Amino acid sequence: RRAAGAVMPAPAAAVLVGLFIAASAPGGAVADKDTHEYKPGEPLVVWTDKVGPYNNPQETYKYDALGLCELEGDDIHVEQADLSIGEALGGHELYSSPRLEIKFGVEAQRRRVCSMVLSAEKAESLAAKINENYWYQLFIDDLPIWAFVGEHSKFSVDVSRFSRLLQNRNRSGDASDAQSGAPPVPKHLKGKPLPRIYTHRHFTLFWNGNQVIEVDMEPSDPWPVYTGAPLNFTYSAVWYATNKDFESRTNRYLDPTFFEHKVHWFSIVNSFMLCLFLCAVVAIILMKTLKKDFTRYAASEADELESLDGGDESGWKQVNGDVFRRPDHLAIFTVLYASGVHMACTIFSVLMFSMVNSYYAQRGATATSFVISYLVTVLAGGYEGGRIFRMFGGQHWKRTMVYQCLFLPGIGYGGFMLINTTAIMYRATMTVPFKTIMVIIVLFLVLCVPLHLAGTMLGRRAAAERSFPCRVHHLKRPIPTKHWLFTPAMIVTAGLVPFGCLFIEMYFILSAVWSHNKIYYVYGFMFAILLLLCLVIVCVSITCTYVLLNAEDYRWQWQSFLCCSSTAVYVFLYTIHYFFNSTQMSGFLQTVYYFVTSFNFCVGLGLFCGSLGFAGASKFVFLIYSNIKAE
């Protein structure tokens with residue numbers, strides 16, 4: 001059984017520059033701890049990570065929550081590993097297991113780990129965990145190992161048979177330090193099905209030169225769990241040579257039959273065809289309809305007098321004096337748009353680094369790179385926020401700048417507090433350490449705030465050097481009455497189109513995030529889908545804006561944003577469908593984590609799509625109104 005974890009931890013950084021380099025540098029890892037190179041006979045540290053029910057991937061607890069004797073006792077020193085930001089956010093808790101003595105290139109016959117007798121409380125707890133399919137994760141040289149704690153069966157198990165087996169072992173000396181005899185089996189347990197815990201772990205390791213290439217572990221020797229049951233834990237290790245190179249050692253954890261399935265290719269073809277169709281629609285609007293409008297609107301006065309149609313102007317040309325009017329609630333709109341630009345830059349940065357560095361092979365690297373990219377790309381969000389706010393003549397720009405800087409962190413903080421509080425109540429590993437929280441806050445204050453201020457000032461300066469193609473009239477033009485369903489129907493329909501481009505890829509993403517045995521590694525697929533999604537959103541935004549302006553409604557700013565951001569609503573509905581139909585998650589902790597995370601993801605996606613839609617519509621509006629003669 002193999003883990004669905006990452007393999008090489010992202011390097012922790014002591015300073016901001018070091019953090020950024022660690023997030024963007026090619027995937028290194030720490031072993032020997034630093035070089036992943038060992039001498040014959042040199043010990044390898046076995047790191048215990050977390051345990052939890054199989055159906056709830058994020059409901060995880062410390063390894064010692066099993067209550068076993070492996071990490072207990074005054075005769076051993078258990079070491080706790082230092083975690084990077086990404087590892088801490090991912091819920092990792094790494095503790096060494098000194099009793100598992102594995103040395104490089106040295107085989108180990110069956111050796112004793114520890115022995116214990118289950119009390120009534122521990123037997124009940126352990127039986128419940130096995131019945132819930134608890135799994136645990138180990139790391140050797142940053143390579144993950146994943147196995148179940150035990151097994152349970154519907155068939156009857158005669159416990160007295162296991163008792164006799166233990167007595168035979170003791171007499172044969174196979175487990176010389178075990179107890180001299182098994183306690184009598186309670187009569188009410190004889191012949192009843194009982195959960196069984198694996199008491200032996202067989203490690204199979206592969207080496208090439210002086211480096212570890214593969215690690216496998218097969219649990220065996222199941223023993224029934226009941227009050228007074230004697231548990232004698234053992235392990236063994238064998239080594240084999242291999243010709244596989246170190247750089248490709250993580251490929252065995254990937255699942256190409258799933259992620260490179262023909263359905264995944266179909267999603268790209270589907271998105272590409274949808275993109276071509278929408279591009280054709282936009283091309284028709286620009287090349288035919290607008291071309292005729294421009295030709296007639298640019299006609300000379302003599303031509304206008306000769307033409308009887310010159311006075312029949314209607315549609316988008318009639319609102320040239322209002323199309324660049326300040327949108328309602330400009331401060332709110334600017335905060336949403338700037339946050340969306342910030343998210344877009346962050347997403348593209350993480351994707352680019354992921355394709356170059358193979359973040360799937362680094363434990364916690366994706367989360368670390370996201371934090372660093374978010375802190376750095378705040379400059380772009382501040383720039384666009386300051387530019388748009390000044391371009392439309394907004395007041396109190398300093399207050400709006402503060403809102404922009406705090407909006408996304410505020411949403412993330414609300415979700416984080418809900419998840420973290422729940423995790424604290426359950427004593428789960430998803431509880432983020434106070435040290436990690438303080439590091440993120442310091443990075444935000446030291447890096448994010450100054451960059452956002454600098455971006456806002458640059459944006460305001462850029463807006464001062466640009467003017468609208470058409471003069472804004474002092475009096476507002478009356479907007480013709482439309483059917484009350486016109487605007488909601490446009491928003492609902494427009495959001496459905498980009499979702500059609502995205503929903504197949506969403507299945508693969510959700511399958512990787514909410515399962516143990518799948519690692520998302522096809523970042524090229526995601527990048528291609530994202531580019532096609534951007535084109536679809538821009539085309540949808542331009543089409544909706546043209547329809548709205550033709551109805552002589554000049555409130556295109558909010559409409560273009562909402563039409564595209566409504567895609568996130570469909571994605572959230574899809575995550576609800578996925579939760580109830582494609583997973584077996586249960587329990588308050590896992591449910592809270594799933595829906596809070598999904599909500600935050602959809603908020604970010606909505607801001608990303610909405611800001612992109614407004615940017616596309618803005619370019620379109622500036623283009624068409626810069627080519628007409630306004631009176």
Side-chain angles (χ1 to χ4, degrees), residues 271 274-286 289-290 315-316 319 322-330 332-341 343-344 347 384 388 392 479-480 482-503 506 529-574 601-625:
S271 303
L274 181 61
C275 182
L276 282 182
F277 171 75
L278 292 174
C279 288
V281 172
V282 174
I284 292 174
I285 294 175
L286 293 176
T289 308
L290 291 179
W316 62 273
V319 295
D322 297 273
V323 72
F324 295 108
R325 189 175 300 279
R326 180 191 305 174
D328 297 333
H329 311 292
L330 177 61
I332 298 177
F333 179 81
T334 303
V335 170
L336 296 178
Y337 171 68
S339 300
V341 171
M343 283 302 303
I347 292 171
E384 281 298 298
I388 292 297
F392 284 106
I479 300 175
K482 300 184 293 294
H483 194 280
W484 66 273
L485 274 177
F486 179 83
T487 299
M490 181 182 291
I491 294 175
V492 171
T493 306
L496 189 60
V497 177
F499 176 72
C501 171
L502 189 63
F503 81 97
M506 283 302 305
I529 292 293
L530 190 61
L531 290 180
L532 293 173
L533 176 66
C534 292
L535 290 176
V536 169
I537 288 174
V538 170
C539 293
V540 167
S541 178
I542 291 175
T543 304
C544 292
T545 300
Y546 180 75
V547 171
L548 187 72
L549 294 177
N550 262 343
E552 299 184 20
D553 189 342
Y554 49 82
R555 299 170 299 183
W556 60 273
Q557 295 93 343
W558 274 109
Q559 189 76 357
S560 62
F561 187 92
L562 294 176
C563 281
C564 297
S565 63
S566 62
T567 303
V569 177
Y570 292 100
V571 173
F572 187 71
L573 293 177
Y574 181 75
F601 170 79
C602 292
V603 168
L605 179 65
L607 294 172
F608 167 77
C609 295
S611 63
L612 187 62
F614 169 75
S618 179
K619 294 294 183 182
F620 172 73
V621 171
F622 270 81
L623 173 65
I624 63 175
Y625 283 98

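All figures in this text were calculated on a predicted structure; none of them were measured in a lab.
- A donor-acceptor pair is defined here as one N or O able to donate and one able to accept, closer than 3.5 Å; no such pair exists between the side chain of Thr545 and the backbone of Trp556.
- Contact detail for Ala494 and Val540: the closest heavy-atom pair is CB-CG1, 3.7 Å.
- Annotation for Ile529 and Cys501: closest pair CG2-O, 4.2 Å, computed over non-hydrogen atoms.
- Aromatic ring pairs are classed by plane angle as parallel below 30°, tilted from 30° to 60° and perpendicular above 60°; the pair Tyr337 and Phe333 is parallel.
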> Given Phe614 and Ser565, is the side chain to side chain contact (heavy atoms under 4.5 Å, CB included) satisfied, shown in steps?
Replying inline: CA-CA 10 Å; Phe614 169 75; Ser565 63; over 6 Å; no

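- More than 12 heavy atoms of other residues, nucleotides or ligands shown are found within 6.0 angstrom of CZ on Phe486.
- A heavy-atom distance below 4.5 Å is found between the side chains of Phe561 and Leu607.
- With rounding to the nearest 0.5 angstrom, the OG atom of Ser566 is 6.0 Å from the OH atom of Tyr570.
- Interatomic distance, Cys275 SG to Leu532 CG, rounded to the nearest 0.5 Å: 5.5 Å.
- Taking the side chain as every heavy atom from C-beta outward, Tyr554 and Val621 never approach each other to under 4.5 Å.
- Cys539 has its side chain out of reach of Val536: every pair of non-hydrogen atoms, C-beta onward, lies at least 4.5 Å apart.
- Here the side chains of Phe601 and Val571 are in contact, with some heavy-atom distance below 4.5 Å.
- Here the straight-line distance linking atom SG of Cys609 with atom CG of Leu502 works out to 7.5 Å at 0.5 Å rounding.
- Looking at Thr493, its side chain never comes within 3.5 Å of a backbone N or O of Met490 through a donor-acceptor pair.
- Here Asp322 contributes atom CG and Leu549 contributes atom CG; the two are 11.0 Å apart, rounded to the nearest 0.5 Å.
- Taken from CD1 in Ile542 to NZ in Lys619, the straight-line distance is 11.5 Å, to the nearest 0.5 Å.
- Looking only at distances, a side-chain donor or acceptor of Ser541 sits under 3.5 Å from a matching main-chain atom of Gly613.
- You'll find the side chain of Ile332 reaches within 4.5 Å of the side chain of Trp558, heavy atoms only.
- Checked against salt bridge (Lys or Arg N to Asp or Glu O under 4.0 Å), Asp553 has the following partners two or more places apart in sequence or in another chain: Lys482, Arg555.
- In this structure, the side chains of Glu384 and Thr334 stay at 4.5 Å or more apart for every pair of heavy atoms.
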>> Is there a side chain to side chain contact (heavy atoms under 4.5 Å, CB included) between Thr487 and Ile491? Walk through the geometry before answering.
In response: CA-CA 6 Å; Thr487 299; Ile491 294 175; 4.0 Å; yes

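- Put simply, the side chain of Leu573 does not reach to within 4.5 Å of the side chain of Phe499, judged on heavy atoms.
- Of all non-hydrogen atoms in Val341 and Ser611, the two that sit nearest each other are N-OG, 3.5 Å.
- Between Phe620 and Tyr546, the ring planes are perpendicular. Angles over 60° get that label, and only those under 30° would be called parallel.
- Shortest non-hydrogen contact noted between Ser560 and Ala617 is CB-CB, 3.6 Å.
- Annotation: side chain of Leu533 is in contact with side chain of Ile537 (closest heavy-atom distance under 4.5 Å).
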